[in-house]
**Student:** 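Sharing a structure below in structure tokens format, with a few things to ask.
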Amino acid sequence: STFIDAAVSIGADTTIEPNTHLQGDTTIGAGCTIGPGALIRDSSVADACEIRFSMVEGSTVESHVDIGPYSHLRAGSYLCEGAHIGNYAEVKESRLGRNTRMGHFSYIGDATVGDDVNIGAGTITANYDGATKHRTTIGDGAFIGSDTMLVAPVNIGRGAGTSAGSVVTRDVPDGMMALGAPARIRAKNATGPIASSHTRCHAAPTGSTRPHVDRPPSTSPSTTNGTRPSCIWLAWPAAGAASSSAINATRGRFIQRRY
């Protein structure tokens, strides 16, 4: 069944599919397809939009926007013309710019997102620190890689990007790239290893050919004298070790455990 409240306004040539609920102060433009399985409450939807199996509450949707299936616009959301919201996505008190794409499995809350932004699968704005909500800003043309966590407050510049799996805790300037967890910033076209944000605490032990693992001093467990090392060195076979048993015997064993 389909339910349409008396106060709802629907434009010409709009199709309302089965199992759709239009409630409260809702306006639907012309040439839209709403449903099946949509619920729209106290929202404005402009012309030529498509909303399937999704919920829209207290939000504004400009023309030529498609949403769903199985996505949720919470109160205070604003989607500009041509935006795309795919499946299993949630937007809360955020503005998404023109032609911005948020394909699937993402949460954008308390954010301002520019035009022509790609938001990769699994992207999350970590907007709540347990006491206060913080905002995220993403500039025009930015590319947010899959499984990126944006720890607010944070600003991603125009044309900037993040690599897959990045945890971004500081601002990314225009045109730059954030990589890693926690993310480090470098130019998009840079090559070679990524510079560490942590200070190396000591030289390589004799016979080690494998780089050490950085550990932030603030999170490394304390040693007996209360200091916190910033890194550990991993053991690696000594020069001349020929057998696989020698390699397996030493692989992954710490030769320095000061944590």
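If you're wondering where the values come from, they're calculated on a predicted model, not measured in any experiment. Along the sequence shown, residues carry numbers from 1. Computed over heavy atoms, backbone and side chain alike; hydrogens, waters and symmetry mates excluded.
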**Student:** Salt bridge or not for E90 and R74, using N-O below 4.0 Å?
**Tutor:** yes
**Student:** Should M55 and L39 count as side-chain neighbours, where that means a heavy-atom distance under 4.5 Å?
**Tutor:** yes
**Student:** Determine, using the 4.5 Å side-chain heavy-atom cutoff (strictly less than), whether V56 and V8 are members of one ILVMFWY cluster.
**Tutor:** yes
**Student:** Given H104 and N87, is the side-chain contact (heavy atoms from CB on, under 4.5 Å) satisfied, shown in steps?
**Tutor:** CA-CA 5 Å; H104 28 239; N87 53 295; 3.5 Å; yes
**Student:** CD/E93 to OG/S77 distance, rounded to the nearest 0.5 angstrom?
**Tutor:** 8.0 Å
**Student:** With a sphere of 6.0 Å drawn around CZ of R98, does it hold more than 12 non-hydrogen atoms of other residues, nucleotides or ligands?
**Tutor:** no
**Student:** Kindly compute the distance separating NE2 (H84) from CG (L79), expressed to the nearest 0.5 Å.
**Tutor:** 11.5 Å
**Student:** Answer with yes or no whether the side chains of T148 and S166 bring together a donor and an acceptor at under 3.5 Å.
**Tutor:** no
**Student:** Any ion pair linking R158 and D140 (charged N to carboxylate O, less than 4.0 Å)?
**Tutor:** yes
**Student:** Can you give me the closest heavy-atom contact between M177 and S163, atom names plus distance?
**Tutor:** SD-N, 3.8 Å
**Student:** Measuring from I156:CD1 to T137:OG1, what's the distance to the nearest 0.5 Å?
**Tutor:** 9.0 Å
**Student:** With side chains defined as the heavy atoms from C-beta onward, is the minimum distance between V91 and M102 less than 4.5 Å?
**Tutor:** yes
**Student:** Do R135 and T112 have side chains that approach each other closer than 4.5 Å (heavy atoms only, starting at C-beta)?
**Tutor:** yes
**Student:** Any non-hydrogen side-chain atom of R170 less than 4.5 Å from a side-chain atom of R184?
**Tutor:** yes
**Student:** With rounding to the nearest 0.5 Å, note down the distance linking CG in D171 to CG in N155.
**Tutor:** 4.5 Å
**Student:** Got a sec, which residues hit ring-ring contact (aromatic ring centres under 6.0 Å, His included) with F105, two or more places apart in sequence or on another chain?
**Tutor:** Y88
**Student:** Under 4.0 Å between a side-chain nitrogen and a carboxylate oxygen: does that hold for K92 and D110?
**Tutor:** yes
**Student:** On a heavy-atom basis, which atom in Y78 and which in E62 lie closest, and how many Å separate them?
**Tutor:** OH-OE2, 2.6 Å
**Student:** For a 4.5 angstrom cut-off between non-hydrogen side-chain atoms, does E17 reach N19?
**Tutor:** no
**Student:** In terms of hydrophobic clustering (I, L, V, M, F, W, Y; side-chain heavy atoms under 4.5 Å; direct or indirect links), are I10 and I34 co-clustered?
**Tutor:** yes
**Student:** Drop me the distance from K133's NZ to T125's OG1, to the nearest 0.5 angstrom.
**Tutor:** 10.0 Å
**Student:** Looking at side-chain heavy atoms only, is the closest gap between L22 and I16 below 4.5 Å?
**Tutor:** yes
**Student:** Identify, with sequence neighbours excluded, every residue that meets side chain to side chain contact (heavy atoms under 4.5 Å, CB included) alongside S71.
**Tutor:** S54, I67, I85, A89
**Student:** I want to check something: taking the side chain as every heavy atom from C-beta on, are V167 and V151 in contact at a cut-off of under 4.5 Å?
**Tutor:** yes
**Student:** Does D129 use its side chain to pair, donor to acceptor, with the backbone of A131 at less than 3.5 Å?
**Tutor:** yes
**Student:** If you measure from CE on M149 to CD1 on I144, what distance do you get to the nearest 0.5 Å?
**Tutor:** 13.5 Å
**Student:** So with a 6.0 Å cut-off around CG of D13, is the heavy-atom count from everything else above 12?
**Tutor:** no
**Student:** Which heavy atom in S94 sits nearest to a heavy atom in I108, and how many Å separate them?
**Tutor:** OG-O, 3.5 Å
**Student:** Are the side chain of S43 and the backbone of G58 linked by a donor-acceptor contact shorter than 3.5 Å?
**Tutor:** yes
**Student:** I'd like to know if the side chain of T14 and the backbone of G31 have a donor-acceptor N/O pair within less than 3.5 Å.
**Tutor:** yes
**Student:** Any chain of hydrophobic side-chain contacts (each under 4.5 Å) joining V154 to M176?
**Tutor:** yes
**Student:** Return the minimal non-hydrogen interatomic distance between G122 and S106, and the atom names on each side.
**Tutor:** N-OG, 3.4 Å
**Student:** Provide the closest heavy-atom pair for R41 versus T26 in the form atom of the first, atom of the second, distance.
**Tutor:** C-OG1, 3.6 Å
**Student:** At their closest point, which heavy atom of R95 faces which heavy atom of C80, and how far apart are they?
**Tutor:** NH2-SG, 3.6 Å
**Student:** With no hydrogens and no angle check, is any side-chain donor or acceptor of D42 less than 3.5 Å from a backbone partner on D25?
**Tutor:** yes
**Student:** Hey, any chance L179 and F143 share a hydrophobic cluster, counting ILVMFWY side chains that come within less than 4.5 Å of each other, even indirectly?
**Tutor:** no
**Student:** So do V117 and N99 actually touch side chain to side chain, heavy atoms under 4.5 Å?
**Tutor:** no
**Student:** Using ring-ring contact (aromatic ring centres under 6.0 Å, His included) as the criterion, list what pairs up with F53, not counting sequence neighbours.
**Tutor:** Y70
